[in-house]
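Small disclaimer: the values here were computed from a predicted structure and weren't measured. Letters go in sequence order (proteins before strands), and every chain restarts at 1.
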Number of protein chains: 2
Amino acid sequence: MPPSVWLRPERAAVGRPARRSRAEITAAAVAVADRDGAEAVSMRRVAAELGTGAGTLYRYVETRDELLDLMADHVAGEYAFAAPTGDWLDDLVDVGLQARGIHRRHPWLAERVLTAPGTGPHGADLVEHHLAVLADHPADDAAKLVALGVLSALVATFARAEHAGRDLERNAEYMAHVAAAGTHPHISALDAPPPDPAHDPLPGVLRGVLTGLLPTGSGS
Amino acid sequence: MPPSVWLRPERAAVGRPARRSRAEITAAAVAVADRDGAEAVSMRRVAAELGTGAGTLYRYVETRDELLDLMADHVAGEYAFAAPTGDWLDDLVDVGLQARGIHRRHPWLAERVLTAPGTGPHGADLVEHHLAVLADHPADDAAKLVALGVLSALVATFARAEHAGRDLERNAEYMAHVAAAGTHPHISALDAPPPDPAHDPLPGVLRGVLTGLLPTGSGS
DNA sequence: CTCCTTCGGGATCATCGTTCGCGAACGATG
DNA sequence: CATCGTTCGCGAACGATGATCCCGAAGGAG
């Protein structure tokens with residue numbers, strides 16, 4: 001029922017002016033998340049970061065989830081879009097690599113991007129750039145938007161895998177158990193060469209997925 | 001530190017036997033989630049479903065997150081794998097469509113799949129089937145596993161979009177605002193033909209992504 | 001200077017995940 | 001059949017969370 005955060009006016013027109021701003025609160029929340037992880041972003045913790053009370057935050061934000069949306073769009077402002085080069089594949093791979101950079105700077109973002117589409121002003125800039133890059137591409141608009149969604153989800157998945165740590169260990173432990181059990185012959189036959197840290201798989205994967213998703217006659 | 005849920009023995013060898021089982025609790029949790037959504041899966045609620053106390057569940061499960069892992073693997077048991085047909089693309093698309101069916105039956109799964117890789121026994125079956133389908137494919141093992149990860153993330157993303165409801169409305173509202181504002185010319189130029197309900201975009205997307213991700217000489 | 005609206009923030013509520021302690025229940029042992 | 005060691009069931013309790021509410025304070029408009 002209530003409109004999106006970005007359509008609701010930030011400050012009241014009359015009365016006592018607010019001491020803080022939505023952006024200030026968002027920045028504080030991002031700082032907390034960067035420092036102590038996503039689960040540390042509680043209203044009390046963010047309020048403490050600002051030296052105020054927890055209830056005060058609800059003057060700026062309707063709900064905690066809304067604050068998380070604001071955070072996601074805030075860091076989406078870190079994209080630095082260059083003018084399209086004419087090679088849409090290169091340009092979209094660049095978007096993907098920039099996205100990974102953002103994810104590396106803000107590890108808490110991965111869960112959020114995957115959970116909520118959360119498109120604010122900076123998200124709109126991303127969509128605009130994406131469509132500009134693909135302006136001459138023959139695919140229809142729906143396919144282009146799907147491609148952006150897949151691109152985002154894919155990068156987020158890779159980013160999450162990068163800082164999974166504990167979970168990955170336990171998963172590998174269980175898979176080793178399954179392999180040793182003898183059932184699941186194909187899993188047992190897996191050979192895991194030590195991953196080459198010098199080789200970055202993301203660009204290749206992005207190229208593959210994007211060319212598969214946006215076929216064209218006039219090549220890259 | 002503690003091993004995975006699936007490596008920890010379920011019941012103690014000696015002493016008073018447990019009245020319930022891990023599977024029973026998992027099934028109850030799935031029932032609650034299917035009926036009232038993911039956020040309704042609290043220890044107290046699941047315990048009430050079983051007619052017991054909240055603290056009791058901790059005899060079977062180390063933490064709430066572990067219970068969610070069990071739930072995810074539980075519904076992964078709904079896959080019905082057929083023998084590989086010889087056409088790996090068709091077989092993998094079939095896996096994707098089955099996955100969407102599971103997501104439609106259990107809307108809470110989308111967030112979970114994207115959040116945690118959670119691979120249990122049924123997850124291992126899925127990996128095994130995937131590798132069996134791709135047994136004759138020239139790609140190396142790492143690429144095949146990446147393809148499965150992308151496939152899962154992609155289907156989950158589509159599934160989440162299907163039952164997004166509220167969020168999608170607000171997002172569309174904001175995008176309409178941006179389009180009307182006049183900045184972002186490519187967004188303003190978007191034309192949205194009414195989506196054709198008879199056309200299912202998922203198979204085509206999966207084909208595109210998979211062919212892009214797993215290139216081969218001897219085609220589908 | 002006054003008034004009206006908004007802000008600030010502490011108290012408060014319901015709920016959550018989790019821990020703890022204790023009495024009861026069960027299998028093994030003699 | 002009696003005893004013993006161990007585990008289970010469960011309710012109370014703890015700390016923390018998201019959210020609401022109220023009231024005194026503060027600032028701009030007239």
**Rounded interatomic separation in angstrom, taking CG from A:Asp65 and P from D:dT17** = 17 Å

**For atom CZ of A:Arg44 and atom P of D:dG18, their distance in whole Å** = 7 Å

**Request:** Using atom CD1 of A:Ile25 as one end and atom P of C:dG9 as the other, report the distance to the nearest whole Å.
**Result:** 11 Å

**Prompt:** Rounded to whole angstroms, how far apart are OH on A:Tyr58 and C1' on C:dG9?
**Reply:** 14 Å

**Asked** Using a cut-off of less than 4.0 Å, is there contact between a side-chain N or O of A:Thr63 and OP1 or OP2 of D:dA19?
**Response** yes

**Asked** Once you round it to whole Å, what is the distance between P of C:dG17 and CD of B:Glu66?
**Response** 15 Å

**Prompt:** Does any N or O in the side chain of B:Glu62 come within less than 3.5 Å of the main-chain N or O of B:Val5, such that one atom is a donor and the other an acceptor?
**Reply:** no

**Asked** Is B:Arg19 touching bases, backbone alone, or none of the nucleic acid, heavy atoms closer than 4.0 Å?
**Response** sugar-phosphate

**Asked** In residues 34-43 of chain B, which residues come under 4.0 Å of DNA chain C by heavy atom?
**Response** B:Val41, B:Ser42, B:Met43

**Request:** Identify the heavy atoms of B:Pro107 and B:His163 that sit nearest to each other, and give their distance.
**Result:** O-CE1, 3.5 Å

**Request:** Round to the nearest Å and state the distance from B:Arg64 atom CZ to C:dT15 atom C1'.
**Result:** 12 Å

**Prompt:** Hey, is A:Arg170 close enough to B:Asp69 for a salt bridge, meaning N to O under 4.0 Å?
**Reply:** no

**Request:** Give the rounded distance in Å between these two atoms: CG of B:Leu57 and P of D:dC8.
**Result:** 13 Å

**Request:** Just say parallel, tilted or perpendicular for the rings of A:Tyr174 and B:Trp6, cut-offs at 30° and 60°.
**Result:** tilted

**Prompt:** Roughly how many Å is it from CZ in B:Arg59 to P in D:dG11, rounded to a whole number?
**Reply:** 14 Å

**Message:** With a cut-off of less than 4.0 Å, is there a side-chain N or O of B:Arg20 near OP1 or OP2 of D:dC10?
**Reply:** yes

**Request:** Start with the C-alpha gap between A:His106 and A:His74, add the side-chain angles, then the distance that decides, and say whether side-chain contact (heavy atoms from CB on, under 4.5 Å) holds.
**Result:** CA-CA 11 Å; A:His106 310 286; A:His74 179 85; over 6 Å; no

**Prompt:** Are side-chain N/O atoms of A:His184 and B:Asp125 paired as donor and acceptor at under 3.5 Å?
**Reply:** yes

**Item:** A:Leu126 and A:Thr119: CA distance, side-chain angles, deciding distance, side-chain contact (heavy atoms from CB on, under 4.5 Å) verdict
**Value:** CA-CA 9 Å; A:Leu126 171 60; A:Thr119 303; over 6 Å; no

**C:dG8 phosphate, OP1 or OP2, under 4.0 Å from A:Thr52 side-chain N/O** = no

**Prompt:** Considering Watson-Crick and G-U wobble pairs with both distances under 3.5 Å, what does C:dA28 pair with?
**Reply:** D:dT3

